Amino acid sequence: GRLATLGASEGYMVRRAGGRQRFAVDGDGRTWVSCGDFLGWYREGRMIRVPVEDRGSIVIGAARSGGIWVATDERLLKWEDDRLTVICDRAAWPLGTAVVQSMLEDRAGVLWIGTRRQGLFRLANGKPVPAPTEPHPVTAIAEDVEANLWVAMDGGGLNRLRPKTFVRLDSSTGFPDDNSTSVCEDASGAI
């Protein structure tokens, strides 16, 4: 029923300015905050800082595994089991000049990364891959109940990415022709 302000005396101190405050809740119910070079979680009136040695702003997002994703200008990390693990090192993280703005892990476990300069990416096989959108600044990402991804873009409008649920198999995909007369399932479940 009352407003509490957290500052340096409560452990919330941003050494390098820049970036917006972002919030995420992990599987243990901890509320995480990132802003500029600050990363930490709230406990009993204090912010518990987690040191991150990378340069630039820190951006966070909730992870379906219960931890949180942590993006810096230099690499992608994940907080799980009370420690940070490197997911993409500097060589595999080409987004340094793109500046991460937002992240969302969808219900299928795919991490989507919105950037300020290069549009939207998805994490595939440990590397960010460009998504089929224009390279406008991504300001927000959300997922709806139908698993559609909504991407707000500064200068690019609102994009909706829909999951592809049907695949057509015909001569363009390697079949000898476009005629099919039967289909069945074998004992292993293959079609």
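Position 1 is the first residue of the sequence, and the numbers go up from there. The shown structure was predicted, so the numbers you read here are calculated from the model rather than taken from an experiment.
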Atom of [X], atom of [Y] and distance for their closest heavy-atom approach:
| X | Y | result |
| --- | --- | --- |
| Ala63 | Glu105 | CA-OE1, 3.1 Å |
| Ser65 | Glu80 | OG-OE2, 2.5 Å |
| Val99 | Arg117 | CG2-NH1, 3.2 Å |
| Met103 | Leu76 | SD-CD1, 4.1 Å |
| Thr115 | Gly119 | OG1-O, 2.8 Å |
| Arg122 | Val110 | CB-CG1, 4.0 Å |

Got a second to check how far [X]'s [atom1] is from [Y]'s [atom2], nearest 0.5 Å?
| X | Y | atom1 | atom2 | value |
| --- | --- | --- | --- | --- |
| Thr31 | Met47 | OG1 | CE | 8.5 Å |
| Met13 | Asp37 | CE | CG | 9.0 Å |
| Arg22 | Gln101 | CZ | CD | 6.0 Å |
| Leu120 | His136 | CG | NE2 | 12.5 Å |
| Arg20 | Ser34 | CZ | OG | 10.0 Å |

With a sphere of 6.0 Å drawn around [atom1] of [X], does it hold more than 12 non-hydrogen atoms of other residues, nucleotides or ligands?
| X | atom1 | answer |
| --- | --- | --- |
| Arg107 | CZ | yes |
| Lys78 | NZ | yes |
| Glu134 | CD | no |

Which donor-acceptor pairs under 3.5 Å do the side chains of residues 84-91 make with protein atoms, sequence neighbours left out?
| residue | atom | partner | partner atom | Å |
| --- | --- | --- | --- | --- |
| Asp89 | OD1 | Ala91 | N | 3.1 |
| Asp89 | OD1 | Ala92 | N | 3.1 |
| Arg90 | NH2 | Glu74 | OE1 | 2.8 |

Would you call [X] and [Y] a side-chain contact if the rule is heavy atoms closer than 4.5 Å?
| X | Y | result |
| --- | --- | --- |
| Pro163 | Asn148 | yes |
| Tyr42 | Leu6 | yes |
| Val70 | Ile58 | yes |
| Val50 | Trp32 | yes |

Examine [X] and [Y] and state if one hydrophobic cluster contains both, with Ile, Leu, Val, Met, Phe, Trp and Tyr joined whenever side-chain heavy atoms are less than 4.5 Å apart.
| X | Y | result |
| --- | --- | --- |
| Phe23 | Ile141 | no |
| Leu104 | Val25 | no |
| Trp112 | Trp69 | no |
| Val59 | Val138 | no |
| Leu123 | Val100 | yes |

Before accepting this row, confirm whether a basic side-chain N of the pair Asp28/Arg43 lies closer than 4.0 Å to the acidic partner's carboxylate O.
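No.
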
Would you check, one step at a time, whether the test side-chain contact (heavy atoms from CB on, under 4.5 Å) holds for Asp73 with Asp54?
CA-CA 7 Å; Asp73 293 346; Asp54 295 7; over 6 Å; no

Output yes when a side-chain donor or acceptor of Asp26 lies under 3.5 Å from a complementary backbone atom of Ile68, and no otherwise.
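Absent.
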
Is a side-chain N or O of Arg116 found less than 3.5 angstrom from the main chain of Thr139, in a donor-acceptor match?
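Checked: no pair found.
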
Between Phe175 and Leu169, does the side-chain contact (heavy atoms from CB on, under 4.5 Å) criterion hold? Intermediate values first, please.
CA-CA 7 Å; Phe175 277 72; Leu169 302 175; 3.4 Å; yes

Pairs of donor and acceptor atoms involving the side chains of residues 149-159, under 3.5 Å and at least two apart or interchain, shall be tabulated with distances.
| residue | atom | partner | partner atom | Å |
| --- | --- | --- | --- | --- |
| Trp150 | NE1 | Asp144 | OD2 | 2.8 |
| Asn159 | ND2 | Gly156 | O | 3.3 |

Give the ring-plane orientation class for Phe38 versus Tyr12, where under 30° counts as parallel, over 60° as perpendicular and anything between as tilted.
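Answer is perpendicular, since the angle exceeds 60°.
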
